[in-house]
Engineer: 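Here it is, the structure in full.
Quick note: numbers below take in every heavy atom, side chains included, and nothing from hydrogens, waters or symmetry partners.
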Amino acid sequence: MAAIDIGYGASYYNDHIFSNCVFFDTSNPANATGVLTSFEVWIWGSSYALDFRIGTVYQPIANKVQGRDSEYIGTVATGSKQTFSGKNCDVVSGDFLGCYGTNGAPCSYYYSGDPTVWVNRFDTNGDNFGAGPFSPLPHSAGYRINIYATGTTLNPVTLTTQAATAITTTGLTGNGTITYVDPLKNATQRGFCYMPGTSGDPTTANSTAFDSGSFVAGAYTKNIAGLTPGTAYRVRAYASHSLGTYYGTTVQETTLTATQWDTVL
């Protein structure tokens with residue numbers, strides 16, 4: 001695993017951003033993809049911040065910003081750098097770090113000479129961290145926010161695909177095993193992708209049969225129905241979470257013909 005950092009740094013500065021808007025700083029985008037596990041912030045002035053949230057945003061298209069993920073921090077004291085560990089915030093290389101808070105002017109910032117701070121003034125509660133995509137507005141050009149986060153990259157989910165069982169004329173049971181899931185992020189979907197044919201590797205763009213939930217390493221099965229009798233299929237196990245989809249090997253299977261099924265019966 002490699003280290004991730006994002007944001008400019010948490011120190012005391014002599015000015016502050018306003019509350020009830022999502023602000024984000026483009027001066028130090030994320031250097032890698034993974035999970036942010038620790039946040040740092042310095043709250044300006046003599047009052048504490050309420051409902052404070054820090055998170056990541058990205059640009060899906062030019063001049064638009066989309067919220068990716070955020071962590072609720074809650075009440076943050078003033079007067080010193082505050083560190084919040086044990087977090088799990090998605091981040092992708094190139095993302096920007098942002099913050100939201102109430103109770104006056106929660107976060108200090110300073111003039112840097114670079115137009116790096118932007119604001120979403122239309123997100124009035126921060127719950128979706130400017131879910132978007134929205135058109136960001138420049139704040140006071142040339143400022144940097146004193147927020148910073150660190151984290152770690154994720155090892156990929158690894159899987160294997162075993163031979164199918166319970167093969168009939170129109171269905172089969174897929175058998176797969178998740179051999180590794182990073183402890184920082186469980187898989188949220190696991191299943192099988194499949195397509196007719198004798199070559200190629202199916203993906204989730206083809207047909208799928210899956211379950212949603214929170215999955216760690218282990219064997220699993222899933223019924224695949226609605227197939228054509230006497231037809232060859234390519235079947236592959238897969239698992240995914242918010243940062244990617246991962247695949248096992250592809251196995252070749254063939255559904256039974258009506259004659260074969262009569263023999264089985």
Side-chain angles (χ1 to χ4, degrees), residues 1 32-35 56 58-61 64 66-69 88 90-95 128 131-133 152-265:
M1 292 186 180
T33 297
V35 172
T56 51
Y58 66 100
Q59 294 183 289
I61 56 177
K64 294 288 185 178
Q66 176 88 39
R68 185 180 303 283
D69 196 12
N88 194 316
D90 291 350
V91 62
V92 172
S93 179
D95 282 0
N128 295 314
T152 184
T153 56
L154 297 179
N155 288 319
V157 180
T158 57
L159 303 94
T160 59
T161 313
Q162 288 79 50
T165 53
I167 299 174
T168 68
T169 54
T170 58
L172 55 82
T173 297
N175 295 282
T177 302
I178 299 176
T179 58
Y180 176 82
V181 174
D182 198 293
L184 290 174
K185 183 172 286 293
N186 290 348
T188 55
Q189 189 179 102
R190 68 181 184 188
F192 299 88
C193 48
Y194 57 95
M195 65 182 187
T198 57
S199 63
D201 294 316
T203 70
T204 54
N206 301 113
S207 299
T208 58
F210 62 87
D211 292 311
S212 297
S214 180
F215 305 112
V216 297
Y220 66 95
T221 63
K222 185 66 179 178
N223 182 56
I224 299 174
L227 305 181
T228 302
T231 301
Y233 283 91
R234 305 284 285 173
V235 181
R236 183 158 65 151
Y238 81 92
S240 60
H241 52 52
S242 56
L243 291 176
T245 298
Y246 310 88
Y247 297 94
T249 54
T250 299
V251 297
Q252 185 71 55
E253 306 292 351
T254 302
T255 54
L256 301 180
T257 64
T259 300
Q260 289 172 321
W261 183 240
D262 289 340
T263 302
V264 172
L265 295 177

Engineer: Does D182 use its side chain to pair, donor to acceptor, with the backbone of N155 at less than 3.5 Å?
Structural biologist: yes
Engineer: Is the shortest side-chain heavy-atom distance between N88 and K185 below 4.5 Å?
Structural biologist: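 They are in contact (side-chain heavy atoms under 4.5 Å apart), so the answer is yes.
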Engineer: Evaluate Q59 against Q66 for side-chain contact (heavy atoms from CB on, under 4.5 Å), listing each step before the verdict.
Structural biologist: CA-CA 6 Å; Q59 294 183 289; Q66 176 88 39; over 6 Å; no
Engineer: For Y194 and L227: C-alpha separation, side-chain torsions, deciding distance, then whether side-chain contact (heavy atoms from CB on, under 4.5 Å) applies.
Structural biologist: CA-CA 10 Å; Y194 57 95; L227 305 181; 3.6 Å; yes
Engineer: What do the steps show when you test R68 against V91 for side-chain contact (heavy atoms from CB on, under 4.5 Å), and what is the final call?
Structural biologist: CA-CA 7 Å; R68 185 180 303 283; V91 62; 5.6 Å; no
Engineer: How long is the gap from CG on L159 to OG1 on T249, to the nearest 0.5 Å?
Structural biologist: 9.0 Å
Engineer: Within the distance-only criterion (no hydrogens, no angle test), does the side chain of T255 pair as donor or acceptor with the backbone N or O of G230 below 3.5 angstrom?
Structural biologist: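 Side chain of T255 to backbone of G230: a pair is present.
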Engineer: Over 60° means perpendicular and under 30° means parallel, so tell me whether Y238 and Y247 are parallel, tilted or perpendicular.
Structural biologist: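 Tilted, since the angle between the ring planes falls between 30° and 60°.
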Engineer: Return yes if some donor-acceptor pair links the side-chain N/O of T161 with the main-chain N/O of A237 below 3.5 Å, else return no.
Structural biologist: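 Side chain of T161 to backbone of A237: a pair is present.
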Engineer: Ignoring hydrogens and angles, tell me if any N or O in the side chain of T188 forms a donor-acceptor pair with the backbone of S240 under 3.5 Å.
Structural biologist: yes
Engineer: Hey, does the side chain of D69 reach the backbone of T56 with a donor-acceptor pair shorter than 3.5 angstrom?
Structural biologist: no
Engineer: Can any side-chain N or O of S212 pair as donor or acceptor with the backbone N or O of Q189 at less than 3.5 Å?
Structural biologist: no
Engineer: Would you compute the distance between atom CG of D95 and atom OG1 of T33 and round it to the nearest 0.5 angstrom?
Structural biologist: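 Between atom CG of D95 and atom OG1 of T33 there are 7.5 Å.
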Engineer: From L184 CG over to L154 CG, what is the distance, rounded to the nearest 0.5 angstrom?
Structural biologist: 6.0 Å
Engineer: Has Q252 got a side-chain atom pairing as donor or acceptor with G197's backbone, closer than 3.5 angstrom?
Structural biologist: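 Yes.
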Engineer: For the side chain of D211 and the backbone of R190, is there at least one donor-acceptor N/O pair under 3.5 Å apart?
Structural biologist: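 No, the answer is negative, given that no donor and acceptor are paired below the 3.5 Å cut-off.
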Engineer: Output yes when a side-chain donor or acceptor of T250 lies under 3.5 Å from a complementary backbone atom of R234, and no otherwise.
Structural biologist: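 The answer is no, because no donor-acceptor pair under 3.5 Å joins these two groups.
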Engineer: Check the pair F215 / V181 against side-chain contact (heavy atoms from CB on, under 4.5 Å), numbers first and verdict last.
Structural biologist: CA-CA 8 Å; F215 305 112; V181 174; over 6 Å; no
Engineer: Are the side chain of T203 and the backbone of C193 linked by a donor-acceptor contact shorter than 3.5 Å?
Structural biologist: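 A pair under 3.5 Å: no.
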Engineer: Tell me whether the centres of the aromatic rings in F192 and Y220 are closer together than 6.0 Å.
Structural biologist: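 F192 vs Y220: aromatic centres under 6.0 Å.
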Engineer: Atom CD1 of I167 and atom CD1 of I224: how far apart are they, to the nearest 0.5 Å?
Structural biologist: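 Nearest 0.5 Å value for the CD1-CD1 distance: 10.0 Å.
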Engineer: Would you compute the distance between atom OG1 of T204 and atom CG of N206 and round it to the nearest 0.5 angstrom?
Structural biologist: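 Output value for this atom pair is 8.0 Å.
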